[in-house]
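Note sheet for the following structure.
In what follows, every chain begins at residue 1, and chains take the letters A, B, ... in the order their sequences are listed. What you see is a predicted model, and the numbers here were worked out from it, not measured in a lab.
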There are 2 protein chains.
Amino acid sequence: MNRNILVIEDEPAINDLICMNLEVAGYMVTPFLDGEKASAGLARHHEYDCALVDIMLPGKDGFALLPELKNFNIPVIFLTAKADVGSKVKGLKDGAEDYIVKPFEMLELLVRLEKVLERHMTQAEVIQIGDVKIDPQQRKVMKNGTEVYLKPMEYDCLMMFVRYQNKALTREQLLAGLWGQEFEGETRTVDAHVGRIRKKLDWQDVIKTIPKIGYRLEVEE
Amino acid sequence: MNRNILVIEDEPAINDLICMNLEVAGYMVTPFLDGEKASAGLARHHEYDCALVDIMLPGKDGFALLPELKNFNIPVIFLTAKADVGSKVKGLKDGAEDYIVKPFEMLELLVRLEKVLERHMTQAEVIQIGDVKIDPQQRKVMKNGTEVYLKPMEYDCLMMFVRYQNKALTREQLLAGLWGQEFEGETRTVDAHVGRIRKKLDWQDVIKTIPKIGYRLEVEE
DNA sequence: GGGGATTGTAACTGTTTTGTAACTATTTTT
DNA sequence: AAAAATAGTTACAAAACAGTTACAATCCCC
């Protein structure tokens, strides 16, 4: 049960400090000093169990990194000097699991990290819906034993449906969840993606249309 | 979807402040000024969705209250002036969902509360009226276990009846509530929708006609 | 900077929704 | 009891909405 933690923090001293402490506490650690590199590193391996992310970073900032990390199903703890309430609210609302203000005690960080990991441990390894299997670890979708390739956006969209299965999702919720609150795009874009997912998985009746509202993934309990 | 929040805080000014803000944000609030009373109150009703708990309380302190709350499956956010890391660590390790240090911004509290509630969202609130079940989360209506599809307008209309159950609703109120004040349409349009709902749900006698006025959804308490 | 993959959007098509009108049934009034 | 008013019901056409696809802009990796 060796947990691998991403540490994305541009201040080398703090980065080192965090990494050392995590290692002492028994974690595997992958440090990055800027957002771009971290972002690139994600695609290659995505076996991270949690990310500790500074908000102000060279390259890509923490807020920009958040959706990517969420797509890989990696919980995020923001770890930053930005103590203003606006940032906290934005960070948490956008889907960070916690928000710790610097300077912090290492012990508190460790405890909050442990809690986040604990919460995320309950997730099923492989999700099965009808004849479709989804492996979030591998980010891979299978239907009747053969892989169905979903484009990144389609996959993310699918995962949002899975996360809120049997819940009505409005187009706006999907837009906000997949592109972020500030995205100013056509709500119809959602329709296109849903259409593509339905087609690839032959899910005409699994993703139900809720007229005037949005969609709902129907899964029997 | 009205969430009921326990507020256990002995400083009346802070207690009031929190309660007021929660109420403004649309929560139901149950305040207690000491641990003993809160503990006693728990046994009676345990329909609380979250508890905001001060640690230093007369009677029973927050740490003592925590196991009790957890027994009732109520998530706890500690909300306290004790900023020392030891307390934080103890609180979180013992099973609190979050730990906010006073003085805090109300907005941060609201966001963190919202996140805790979201995580605990296991409770499906379903409205039952006779043999009809309405699940607003799913936006779905069931009768005797089989889904009855209601068109968007029919569903909204039904929900308005549910919201004002056992209250007489005039055609004008229904028009205004469902189409908006500015809508310039026939009042008879309402009749058509009511007719369709009655037919689909076999509710000839559940939605009563009030001659010359409008309709009323009759629900026994 | 070039080539391939991705994706948001526009445009077109097919489908569903819905306000209303017209007709019928029922209730109230005279 | 007839007339009048009100409510129930249904069909339908316009409008709104959703499905689909092609494509251009963008992104990303060599």
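The phosphate of D:dC17 has neither OP1 nor OP2 within less than 4.0 Å of any side-chain N or O from A:Arg171. Residue A:Trp179 has no polar side-chain atom (N or O) positioned under 4.0 Å from OP1 or OP2 of C:dT7.
Between A:Tyr149 atom OH and C:dT7 atom C1' the separation is 11 Å, expressed in whole Å. A:Lys151 places its NZ atom 16 Å from the P atom of D:dC28, with the value rounded to the nearest Å. Following rounding to the nearest Å, A:Asp191 (CG) and D:dG19 (P) show an atom-to-atom distance of 6 Å. If you measure from atom CZ of A:Arg196 to atom C1' of D:dA22, you get 10 Å, rounded to the nearest angstrom. Atom pair B:Phe183:CZ and D:dA16:P shows a separation of 12 Å (rounding to whole Å applied). Rounded to a whole Å, the CD atom of B:Glu186 is 14 Å from the P atom of D:dT6. To the nearest angstrom, C1' of C:dT20 lies 13 Å from CG of B:Leu175. Distance B:His193 NE2 to D:dA11 P: 16 Å, rounded to the nearest Å.
Both tests hold for A:Lys90 against A:Phe63: distance to the six-membered ring centre under 6.0 Å, angle to the ring axis within 45°.
Of all heavy-atom pairs spanning B:Leu117 and B:Asp49, the tightest one is CD2-O, 3.5 Å. Nearest approach of B:Gln165 to B:Val162, heavy atoms of both residues: NE2-O, 3.0 Å.
At a threshold of 4.0 angstrom between heavy atoms, the contacts of A:Arg198 are confined to the sugar-phosphate backbone, with no base atom among them.
For B:Asp131, the salt bridge (Lys or Arg N to Asp or Glu O under 4.0 Å) test picks out B:Lys143, with sequence neighbours left out.
For the side-chain hydrogen bond (donor to acceptor under 3.5 Å, both in side chains) with B:Arg171, the qualifying choice from B:Thr189, B:Thr187, B:Asp191 is B:Asp191, the only one to do so.
Checked by atom type, the side-chain pair B:Glu114/B:Tyr27 shows a donor-acceptor distance below 3.5 Å.
Near DNA chain C, defined here as any heavy-atom distance below 4.0 Å, the residues from residues 202-213 of chain A are A:Pro211, A:Lys212, listed numerically.
When each of C:dT7, C:dT6, D:dT10 is scored by its nearest atom to the side-chain atoms of A:Met153, the top-ranked nucleotide is C:dT7. For B:Tyr215, the listed nucleotide lying nearest its side chain is D:dG8; candidates were D:dG8, C:dG8, C:dT9.
Of the charged side-chain nitrogens involved, none lies within less than 4.0 Å of a carboxylate oxygen, so that B:Arg198 and B:Asp205 do not count as a salt-bridged pair.
In this model, a side-chain donor or acceptor of B:Arg188 finds a partner on the base of D:dG8 within 3.5 Å.
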